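Below, all heavy atoms of this structure are taken into account, side chains as well, without hydrogens, waters or symmetry copies. Everything numeric in this text was worked out from a predicted model, so none of it was measured.
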Amino acid sequence: MTSHHELPRPDLEFAFDVTVDLGPLEDHHATSVGHRRVVPILGGRITGAVEAEILPGGADWQIVRPDGTIEIDGRYSARTDGGDLLLLHAKGLRTGTPDVLEQLRRGEDVGPGAYYFRTTVQIETAAPALAHLQRALFLSAAERQADAVRYRAYRVS
């Protein structure tokens, strides 16, 4: 039996950049699972290991915790330049000091180093040429802008 220190250490390799265009936040207030917000996804672009247009119709189904931390649960689809379809699921956290979170809520520019915004990204596709994307987990560092989210995704080895 191997010991814990013998397990392989994951590495990160750049995979792709994503810009997600967002619609106005829909506040669903306190539901049975917490303070629910839904942010419509209007479009966007993926560049890097895969080139694709993000299609309108997805959304980020958020839960706002009592301390202001936001649980991210974004699901959206994209079409590659070759016509193949991808389904992306980004799940993670955005948090920071109360004043930074308030600035972000107001749509103000805040440098991405001033708060924590990380997601895992999983991809689903029927395209054989892109099947390798389904067999990897991606980790992203993200930035919230007034009407968009930008993130850089890394393949976890």
Side-chain angles (χ1 to χ4, degrees), residues 12-127 130 133-134 136-156:
L12 300 177
E13 173 186 328
F14 168 73
F16 49 87
D17 289 325
V18 176
T19 299
V20 179
D21 301 325
L22 306 173
L25 180 142
E26 301 166 0
D27 194 336
H28 291 246
H29 306 286
T31 70
S32 61
V33 297
H35 185 157
R36 173 70 71 184
R37 302 187 323 184
V38 178
V39 182
I41 293 174
L42 306 178
R45 187 85 188 143
I46 303 170
T47 58
V50 61
E51 302 282 329
E53 175 189 358
I54 296 172
L55 303 174
D60 179 10
W61 294 75
Q62 302 176 346
I63 295 289
V64 182
R65 295 179 182 171
D67 70 354
T69 297
I70 298 169
E71 297 178 19
I72 303 296
D73 188 6
R75 295 171 187 253
Y76 47 97
S77 58
R79 181 176 291 115
T80 68
D81 294 346
D84 294 317
L85 293 173
L86 302 169
L87 298 169
L88 291 92
H89 185 194
K91 192 162 177 61
L93 297 173
R94 186 174 82 218
T95 193
T97 62
D99 59 319
V100 167
L101 293 175
E102 179 59 24
Q103 288 176 293
L104 290 169
R105 189 195 64 73
R106 291 192 306 256
E108 296 175 14
D109 287 335
V110 179
Y115 56 100
Y116 184 87
F117 189 179
R118 305 289 186 271
T119 67
T120 59
V121 181
Q122 291 184 274
I123 298 176
E124 180 182 344
T125 185
L130 300 174
L133 296 171
Q134 304 182 116
L137 180 65
F138 301 92
L139 179 64
S140 81
E143 173 185 29
R144 177 66 158 98
Q145 299 175 324
D147 58 358
V149 165
R150 295 176 343 122
Y151 66 84
R152 174 158 274 197
Y154 299 87
R155 183 183 182 279
V156 180

Query raised in the report: Quick one: CZ on Arg118 to CG on Leu139, what's the gap to the nearest 0.5 Å?
Result: 8.0 Å
Query raised in the report: Taking all atoms of both residues into account, what is the closest heavy-atom pair of Leu101 and Gly96, and its distance?
Result: CD1-O, 3.4 Å
Query raised in the report: Would you say Thr119's side chain and Val121's backbone share a donor-acceptor pair under 3.5 angstrom?
Result: no
Requested in this report: Could you check if a side-chain atom of Phe14 sits within less than 4.5 angstrom of a side-chain atom of Arg152, using non-hydrogen atoms only?
Outcome: yes
Report summary line: Closest non-hydrogen atoms of Leu86 and Ala52, given as atom of the first, atom of the second and distance, are CD1-CB, 4.4 Å
Requested in this report: Work out which heavy atom in Leu12 is nearest to a heavy atom in Tyr154; give both atom names and the distance.
Outcome: CB-CB, 3.9 Å
Query raised in the report: Can you check whether Gly82's main-chain N or O pairs, donor with acceptor, with Thr80's side chain at less than 3.5 Å?
Result: yes
Query raised in the report: What distance separates Arg150 CZ from Ser140 OG, expressed to the nearest 0.5 Å?
Result: 12.0 Å
Query raised in the report: Going through the distances and angles, do Val149 and Glu143 end up as a side chain to side chain contact (heavy atoms under 4.5 Å, CB included)?
Result: CA-CA 6 Å; Val149 165; Glu143 173 185 29; over 6 Å; no
Query raised in the report: Okay, side chain of Glu53, backbone of Gly44: is any donor-acceptor separation there less than 3.5 Å?
Result: no
Query raised in the report: Is the number of heavy atoms from other residues, nucleotides or ligands under 6.0 Å of Asp67 CG greater than 12?
Result: yes
Query raised in the report: Passes side chain to side chain contact (heavy atoms under 4.5 Å, CB included), Ile41 versus Ile54? Steps please.
Result: CA-CA 9 Å; Ile41 293 174; Ile54 296 172; 3.9 Å; yes
Report task. Working to the nearest 0.5 Å, report the span between CG of Leu133 and CG of Asp84. Result -> 10.5 Å
**Report entry** For the student: nearest non-hydrogen atoms of Thr95 and Tyr115, plus distance
**Finding:** O-CB, 3.3 Å
Query raised in the report: Under a 4.5 Å cut-off applied to non-hydrogen side-chain atoms, are Gln62 and Glu71 in contact?
Result: no
Query - Non-neighbouring partners of Asp147 that pass side chain to side chain contact (heavy atoms under 4.5 Å, CB included), sequence neighbours left out - result: none
Query raised in the report: Would one find more than 12 heavy atoms of other residues, nucleotides or ligands at under 6.0 Å from atom CZ of Arg45?
Result: yes
Query raised in the report: Do you know the tightest heavy-atom contact between Leu85 and Thr125?
Result: O-OG1, 2.7 Å
**Report entry** Atom pair CD/CD of Glu108 and Glu102 - distance to nearest 0.5 Å
**Finding:** 8.0 Å
Query raised in the report: Can you tell if the side chain of Tyr76 reaches within under 4.5 Å of the side chain of Val20, non-hydrogen atoms only?
Result: yes
Query - Heavy-atom side-chain contact between Arg144 and Arg94 under 4.5 Å - result: yes
Query raised in the report: How long is the gap from CD1 on Ile123 to CG on Leu130, to the nearest 0.5 Å?
Result: 8.5 Å
Report task. Answer yes or no: is there a donor N or O on one side and an acceptor on the other, between the side chain of Arg37 and the main chain of Leu25, under 3.5 Å? Result -> no
Query raised in the report: Can you find a heavy atom in the side chain of Val38 that is under 4.5 Å from one in the side chain of His28?
Result: yes
Report summary line: CG of Leu87 to CD of Gln122, rounded to nearest 0.5 Å, is 12.0 Å
Query raised in the report: Any donor-acceptor pair under 3.5 Å linking the side chain of Thr120 with the backbone of Lys91?
Result: yes
Query - Non-hydrogen side-chain atoms of Ile46 and Asp17 separated by less than 4.5 Å - result: no
Query raised in the report: Do you know the tightest heavy-atom contact between Asp73 and His89?
Result: OD1-NE2, 2.6 Å
Requested in this report: With the side chain counted from C-beta on, respond yes when Leu22 and Leu42 share a heavy-atom pair under 4.5 Å apart, and no when they do not.
Outcome: no
**Report entry** Minimum side-chain heavy-atom gap Arg79-Leu55 below 4.5 Å
**Finding:** yes
Requested in this report: Establish, yes or no, whether a centroid distance under 6.0 Å links the rings of Tyr151 and Phe117.
Outcome: no
